[in-house]
Amino acid sequence: MQNRGMKKWRPFATMPEQYIGLKEIINKQSEVAQPVLTEEQMEQMNFTLIEALHTNTQVYLTYYKQGQCYNRDRVHSVC
């Protein structure tokens with residue numbers, strides 16, 4: 001019997017559809033619940049943003065979109 005040697009094994013490379021399915025499962029597992037803000041928290045955020053706009057200071061934002069929280073930095077102006 002002849003030795004085949006070392007062969008690279010790529011378990012999912014033969015079925016690209018599995019990449020899509022696995023990515024969806026991973027994204028679903030990393031989802032977070034949408035934060036619920038109180039009226040006071042929203043007012044504080046608005047005040048902070050207005051103050052940053054008037055004083056031309058840098059702000060860092062974290063926002064929620066479709067089950068994920070995203071961070072933005074270096075926000076210099078409001079469009």
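We number each residue from 1, following the sequence as shown.
- Judged as a side-chain contact (heavy atoms from CB on, under 4.5 Å), and not counting sequence neighbours, the contacts of Glu39 are Met42, Glu43.
- Atoms CD and SG, on Glu31 and Cys69 in that order, are 11.0 Å from each other to the nearest 0.5 Å.
- Using a 4.5 Å cut-off on side-chain heavy atoms (C-beta onward), Leu49 and Leu61 make contact.
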(request) Please report the C-alpha distance between Glu51 and Thr57 in whole Å, then the side-chain angles of each, then the deciding distance to 0.1 Å, and finally whether the side-chain contact (heavy atoms from CB on, under 4.5 Å) criterion is met. (result) CA-CA 8 Å; Glu51 183 180 35; Thr57 57; over 6 Å; no
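- For Lys65, the side-chain contact (heavy atoms from CB on, under 4.5 Å) partners at least two apart in sequence or on another chain are Tyr63, Tyr70.
- No side-chain heavy atom of Thr62 sits under 4.5 Å from any side-chain heavy atom of Arg72.
- With sequence neighbours excluded, no residue forms a side-chain contact (heavy atoms from CB on, under 4.5 Å) with Val36.
- Annotation: side chain of Lys23 is not in contact with side chain of Ile26 (no heavy-atom distance under 4.5 Å).
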